Amino acid sequence: MEMAFDLLVYFIIWLAIIYLVNRLIAVRPNRAIVAALWLVTVLSLAFPVLRASNPDNVFKTKRDFKYEEVDTGVHFMWDSETNPDYEKYFPEEKR
């Protein structure tokens, strides 16, 4: 609900700004520029729609596979944790 309200406020503010600028300054863009902007807009909206409507795309909301969370040893410089035990994850390999 908050996102819908935020989007509504965002678009209302931009609509008001564009309306006021249009009332104060009469902007008449060139037809070629308007056509080019429409072309760019249509193409930029068409590609994601075509990609999402492809029947080969599979959108899954739940994992249908098992995973194992592994402690990689990545840490920040200011953390004082020790490195993970390598033999714990790879017991057959000895350093």
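Position 1 is the first residue of the sequence, and the numbers go up from there. On a predicted model such as this, the values are computed, not experimentally measured, just so you know.
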Query raised in the report: Are any non-hydrogen side-chain atoms of Arg63 and Tyr67 less than 4.5 angstrom apart?
Result: yes
Requested in this report: Drop me the distance from Arg31's CZ to Trp38's CH2, to the nearest 0.5 angstrom.
Outcome: 13.5 Å
Query raised in the report: Any chain of hydrophobic side-chain contacts (each under 4.5 Å) joining Phe11 to Ile18?
Result: no
Query - Residue of the set Val9, Leu8, Leu15 for which side chain to side chain contact (heavy atoms under 4.5 Å, CB included) holds with Ile12 - result: Leu8
Query raised in the report: Does Ile17 belong to the same Ile/Leu/Val/Met/Phe/Trp/Tyr cluster as Leu7, with side-chain heavy atoms less than 4.5 Å apart forming each link?
Result: yes
Query raised in the report: side-chain contact (heavy atoms from CB on, under 4.5 Å) with Pro48: which residues, sequence neighbours excluded?
Result: none
Query raised in the report: How about Leu50 and Asn54: do any of their side-chain heavy atoms sit closer than 4.5 Å?
Result: no
Query raised in the report: Which atoms form the tightest heavy-atom contact between Thr41 and Leu37, and what is the distance?
Result: OG1-O, 2.7 Å
